[in-house]
Amino acid sequence: MERDTPLLAVRGASKRFGAVQALSEVDLEVTAGGVTGLVGANGAGKSTLVKVISGVEPPDSGVIEWRGRPVELRTPLDAQKLGIVAVHQDLSLCDNLDTVGNLFLGREVRRFCRLDEVEMEKRSRALLNILSVRIPDLRVPVASLSAAQRQGVAIARALLGKPELVILDEPTAALGPQQAAVVLAMVQRLRDQRLGVLLVSHEMEEVRAVTDRVAVLRVGRNTGFFDTKYTTQEQIDSAVTGNQAMAVTLQQSLLPHGLPDQDALDVASRYLPARAGVGGDWFDVIPLPGARVALVVGDIVGHGMHAAATMGRLRTAVHNFSMLDLPPDDLLAHLDDLVSRMDKDDAVPGGGGTPAAGATCLYAIYDSVSRRCELARAGHLPPALVHPDGTVEYLDVPAGPPLGLGGLPFEAVEHELPEGSKLVLYTDGLVEDRTRDIDVGLELLRTALSGPDRDPEQACDAVLDALLPAEPKDDVALLIARSRALPRDRIARWSVPAEPSAVSAVRAAAERQLERWGLDELAFTTELILSELITNSIRHAAGPITVRLLLDRTLICEVADASSTAPHLRYAATTDEGGRGLFLVAQLAEHWGTRYTSDGKIIWAEQRLPAGRVPADVTGGG
């Protein structure tokens, strides 16, 4: 048997009793020397699955594999021949017989046609010693034994057939804490004998204490597979009660339902929840003014409903902060402060929930005019850049602290992206695995991304095929964006002297440019907008003034100056001589706003393009 091949594997088992669908495409695996827990509420389908595995009830559909080979279990004898035995909850002991009599009932040892009582007692004692079951007198009726001792006798009887898989159905259901501990110690002894164990129980703490993995059933369906060592009680409880399905639904509702229309990047994305419960991974693509796009990937600590809800809160916050057009380092600083305040609010009595501190985030802004990308990260893994020739590098972005920890500032860096290169953002669930070092995962990602040019959709598929395990322990978010450049013939730029007489020259130049673009209909409104914005800069700002027209999905007018003072929209009184300029801009433009730069600020306004009026000779964008 291959090392990774399970001892027993159930694939897509279904079973119906009349109108009741007891099992629906259930999967389960048990390894040699491993203890797998099977949990679920009453009516979840646990007993039916045990009957299927032990040959009592053959499945209607699905496959049962033993050591990697499909087998048919039509009767309990079929299961026993393979080495599968079940110890049912009722134990099926004869109370009037002693321990030896129960162990060898139906398979007595004879010598010279007579019962060999000495040999049977010797073997009984040996079996009980394996399980560390102490019964001073093997010749007293089992009715006088404790519940834990009776359970030990039933398990020992199962071991007589030298099985490889032992199924224990609710072995501690009728036991007190001390006797339950004795039975759980027997489970450990079975593990020490390199036997596979399937432990069916509703006692979650006991299951987590002795199992390696836990499979959860709810109304006859799988709702989770968990690695016990790395799983919280909350995750298992959520799967049992159905909260995990609710968490998945909540998570899916909070993630983007489609990527926004924009021409700066060609983007593909993937999100895959973990089988151990939905986490808080998320991604976003946010169009920004000035033919720019923000890319976001984040990861919340923990799993379940709280992680999904926290993800929604942070994703909303990132959207709101991005509308302020903050640079990446400032945005992460605001987000860090928000996480700290969220944890303080949740720490009050009745707040509840897992702290949000420790969440990670990477925020990037790509400018299709300059082809420069500004990035900052808060405890997140570095992004990868796939060059047009297929080579891959991990960008050097300073690793700030995770969100909510405070104390250190975030640092943003700029990288120029060659046109056609691909920026890859991802969460740790893609590259981290408990069977390998993270450096190995990053190297696997590099290999999957390198090579012949692929579009973002193909690249996403190639990455997941190469790195995603069969049963992801953590959820995965992946965002791959191929850069585009706004064509030079869609950009017009003028330097403006700080003199009122210069406004008319810029208006005339803008009119000529719009005529070349075939946008004569927008000439009048564009001239008014530029007049107001340039005049405002001449009156209230200092330093050089630059005007830029960008033809993207909208017509974008930008006026940049060296002042950091932003204008404010207000209603002018009838006696006021001024104050109506920005009000006029707001009425003429579809959107307008201000963003700050290292040299000052930019006031921008967007106008919707007339339908079908983009010139055919103007290319680029998509």
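We count residues from 1, following the sequence as given.
- If you check the side chains of D281 and Y271, you find no donor sitting under 3.5 Å from an acceptor.
- S269 contributes no side-chain N or O that, together with a main-chain N or O of L479, makes up a donor-acceptor pair within less than 3.5 Å.
- Under a 4.0 Å N-O distance rule, the pair R292/D325 qualifies as a salt bridge.
- Contact of the L423 side chain with the I480 side chain is not registered, since no non-hydrogen atoms from C-beta on lie closer than 4.5 Å.
- Ring-plane geometry between H380 and Y426 is classed as tilted, the angle between the planes lying from 30 to 60 degrees on a 0 to 90 degree scale.
- A side-chain donor-acceptor contact under 3.5 Å links H319 and D284.
- Electrostatic pairing of R270 and D461 counts as a salt bridge here, judged by a charged N lying under 4.0 Å from a carboxylate O.
- Residues W592 and A586 share a closest heavy-atom pair of NE1-CB, 3.6 Å.
- Between D455 and R482 there is no salt bridge, since no side-chain N of the basic residue sits under 4.0 Å from a carboxylate O of the acidic one.
- Once rounded to the nearest 0.5 Å, the distance linking CG of L326 with CG of L335 reads 11.0 Å.
- Here the straight-line distance linking atom CG of L272 with atom CG of L478 works out to 9.0 Å at 0.5 Å rounding.
- Looking at heavy atoms from C-beta onward, V413 lies out of side-chain contact with E374 at the 4.5 angstrom threshold.
- Using a 3.5 Å distance cut-off with no hydrogens or angles, the side chains of Q607 and T554 do not pair a donor with an acceptor.
- Salt bridge present: R595 and E558 bring a charged side-chain N and a carboxylate O closer than 4.0 Å.
- Between R512 and E515, none of the side-chain N atoms (NZ, or NE/NH1/NH2) sits under 4.0 Å from a carboxylate O, so this pair counts as no salt bridge.
- Side-chain contact, R507 with S531: a donor N or O sits under 3.5 Å from an acceptor N or O.
- Between R371 and D367 there is no salt bridge, since no side-chain nitrogen of the basic residue lies less than 4.0 Å from a carboxylate oxygen of the acidic one.
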- Query: D561 and S563: side-chain hydrogen bond (donor to acceptor under 3.5 Å, both in side chains), yes or no, with the steps?
  - Reply: CA-CA 6 Å; D561 58 48; S563 171; 4.6 Å; no

